[in-house]
Amino acid sequence: MADVKIQISENGPYVVEGAIDLFDHEGNPVEVPGRKAFLCRCGGSTNKPFCDGTHSKIGFQGARRAVSEAEGRQ
Ligand code: FES
């Protein structure tokens with residue numbers, strides 16, 4: 001069993017659980033309170049890398065759904 005679990009939520013953030021070591025683009029540690037983090041994948045959060053709920057306001061659709069709809073499948 002992996003030490004970290006990453007769950008892709010439907011049209012929302014990556015949910016990361018476990019012993020999380022998170023670093024910014026310069027290698028500086030980013031504090032993660034607890035053992036669970038919600039990481040933005042819509043690009044709209046004002047609190048990156050964390051999700052702030054903006055995905056709901058902007059109607060973000062995860063890649064798999066967006067591709068399916070663009071190709072006419074659902
Ligand atoms: S995934 Fe929630 S704000 Fe981007």
Side-chain angles (χ1 to χ4, degrees):
M1 182 71 118
D3 292 336
V4 175
K5 173 184 173 188
I6 302 172
Q7 176 81 43
I8 302 170
S9 60
E10 184 175 18
N11 302 322
Y14 296 110
V15 182
V16 184
E17 295 180 76
I20 303 167
D21 290 328
L22 182 62
F23 300 91
D24 69 13
H25 67 286
E26 295 177 333
N28 302 306
V30 176
E31 183 179 348
V32 178
R35 294 176 51 89
K36 191 171 191 178
F38 299 85
L39 301 180
C40 177
R41 71 180 176 118
C42 77
S45 175
T46 59
N47 189 33
K48 292 183 188 78
F50 302 103
C51 170
D52 69 356
T54 298
H55 62 270
S56 295
K57 298 175 192 158
I58 64 175
F60 173 72
Q61 292 190 338
R64 295 181 81 180
R65 174 166 290 173
V67 169
S68 294
E69 290 182 3
E71 294 178 347
R73 298 179 297 190
Q74 298 211 14

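In listed order, ligands and their atoms are each counted from 1. Everything numeric in this text was worked out from a predicted model, so none of it was measured.
Note on Phe38: it does not cluster hydrophobically with Ile6, by side-chain heavy-atom contacts below 4.5 Å among ILVMFWY residues. Each of Val15 and Ile20 belongs to its own hydrophobic cluster when Ile, Leu, Val, Met, Phe, Trp and Tyr are linked at side-chain heavy-atom distances under 4.5 angstrom.
In this structure, Lys5 NZ and Arg35 CZ are separated by 12.5 Å, a value rounded to the nearest 0.5 Å. Summarising the geometry, atom OH belonging to Tyr14 is positioned 9.5 Å from atom OG belonging to Ser9; distances are rounded to the nearest 0.5 Å. Going from atom NZ of Lys48 over to atom CZ of Arg41 covers 14.5 Å, rounded to the nearest 0.5 Å.
Cluster partners of Phe60 are Ile58, counting Ile, Leu, Val, Met, Phe, Trp and Tyr whose side-chain heavy atoms approach within less than 4.5 Å, directly or via other members.
The number of protein N/O/S atoms found under 2.8 Å from atom 2 (Fe) of ligand 1 is 2.
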